[in-house]
Amino acid sequence: MIDDRDALASTAAREVALDCLEAGIEAGHPRTVIRDAVTLEDETFRIAETTYDLKAYDDLVVLGGGNAAAHVAAALEEILGDRIDGGVVVTDDPVDTEHVEVREGDHPVPSERGVAGTRHLLEAADAATDETLVVTAITGGGSALMPAPAGELSLADLQATTDALLASGADIGEINAVRKHLSALKGGRLARRVAPATVISLLFSDVVGNDPSVIASGPVVPDESTFDDALAVLERDGIDAPAAVVDRLERGVAGEVSETPGPDDPAFEHVSTHVVADGMTVLEAAREAAAERGYEPLVLSSRIRGEAREAATTHVAIAEEVRATGNPVSPPAVLLSGGETTVTIRGDGTGGPNQEFATSAALELAAEHAGSGRDDDPNKITVAAIDTDGIDGVTDAAGALVDGTTVEDPDSARAALAENDVSPFLEARHALIRTGPTGTNLNDLRILVVEQS
Ligand SMILES: O=C(O)[C@H](O)CO
């Protein structure tokens, strides 16, 4: 799964870090998740504690979108086979499916083909009746991949607003409060389109805290955010949105455009929501892989957020403590974390949050190594950081793997960070991890392997 793995795995600690990454990605892949989450026995479809008698429905369709949506559809087909009558998913990571139509869209900025695919998805939703069972395949990336401009808005309006929101530093809850109010599908509006069908909503969460109304902007989840909230995000973050967008939001605040459906809306009467995978799914598998290799595993948090380079300093400090005093676990140990860090763009280079995390960690390790008075073991702490979807920032790398040998010239590492240009820096040091699109999207995975003195 990891390209050129042998070249990266030059020490035992690196080998362990790569094993943990691979175990995490495999556990988060829809084929693994769906196999664990749903079963079919005779005509009874089970998800968690709920069962559905397929004989009670005329047809079963799969609808959805997101980076991993086609993989979810394919995994559902493996279990449900010919019982699936059709459906549409929109994704940027297509795979072959037999019954569900896979349409391509684009991420992180929506595109024309995404709009066309989403229109098709909405047509399939409109065709649902009270005898339809709809299974939704909703994963991270769905907001960009399922663009359905509301009212008079155009794709260009959505693109300009998305660009501005992504550059603004607004968090995903804020970004999606805006996107929901510009869409014919997000913020629960897809539930209205499929009502009165029965809906089983399967969610793969790339949102810290798993709020279902934020994951892919909650197409079949009640929305408590308002036009007011959306306008406040634009104002607070100084976002220069197109006039048509501001106009729609202002008309919404004035009550001239209908609000997204809230928890009391009848559209949600027949919807059940299941978060079937999240960052913890990945962390638990990685933790197990570490333990199997004789390392004491410790999950620090599945909710790490904030500036990537600063999070790296804190992670390395904890690893140093482990190594120096055995707190909070004794080495050999593996520290693990998930969540999603961000990068404040100041320069004009190539990189991503996980690559900035790794570069900053490598810089810390080089400084710690040089100042330790104990230059015999530059490999005592090894750090890997990836985005589980295989695409860190807008690069073709998932992240990077570093240790105390990675940075020999701290000034170059600092310059690369200052320019947000860490990708070429890491490439030159053979530190980039490449996986290609992994088929899942469950946030970041960070592994710190701490060897014994
Ligand atoms: O698509 C989105 O909105 C983000 O990936 C969060 O799920």
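Both ligands and their constituent atoms are indexed starting at 1 by order of listing. From a predicted model like this one, the values you see are computed outputs, not experimental measurements.
Nearest protein neighbour of atom 5 (O) of ligand 1, counting heavy atoms only, is Asp206 OD2, 2.6 Å.
Per-residue contacts place Gly140 under 4.0 angstrom from the following atoms of ligand 1 (heavy atoms of the residue considered): 5 (O), 7 (O). Per-residue contacts place Ile215 under 4.0 angstrom from the following atoms of ligand 1 (heavy atoms of the residue considered): 7 (O). Every atom of ligand 1 with a heavy atom of Arg179 under 4.0 Å away is listed here by number and element: 2 (C), 3 (O).
For Ala216, a nitrogen or oxygen atom sits less than 3.5 Å from a nitrogen or oxygen atom of ligand 1, counting backbone and side chain alike. Backbone and side-chain nitrogen or oxygen atoms of Gly141 are examined, and one is located within less than 3.5 angstrom of a nitrogen or oxygen of ligand 1. For Ser143, a nitrogen or oxygen atom sits less than 3.5 Å from a nitrogen or oxygen atom of ligand 1, counting backbone and side chain alike.
Within the 4.0 Å heavy-atom criterion, the part of Asn176 lying near ligand 1 is the side chain and not the backbone. With a 4.0 Å cut-off on non-hydrogen atoms, Val207 touches ligand 1 through its side chain and not its backbone.
Checked against ring pair (Phe, Tyr, Trp, His ring centres under 6.0 Å), Phe227 has the following partners two or more places apart in sequence or in another chain: His181. Residues satisfying the ring pair (Phe, Tyr, Trp, His ring centres under 6.0 Å) test with His315, not counting sequence neighbours, are Phe357.
Screening Val33, Val95, Val89 against His71 for a side-chain contact (heavy atoms from CB on, under 4.5 Å) leaves a single residue, Val95.
The shortest separation from a heavy atom of His107 to ligand 1 is not under 4.0 Å, leaving the residue out of contact.
With 3.5 Å as the limit, one finds a donor-acceptor pair spanning the side chains of Thr395 and Gln355. No side-chain donor-acceptor contact under 3.5 Å links Asp228 and Thr226.
Salt-bridge formation is not detected for the pair Glu340/Arg303: no Lys NZ or Arg NE/NH1/NH2 atom is positioned less than 4.0 Å from an Asp or Glu carboxylate oxygen. Taking a cutoff of 4.0 Å between a charged side-chain nitrogen and a carboxylate oxygen, Arg5 and Asp3 do not qualify as a salt bridge.
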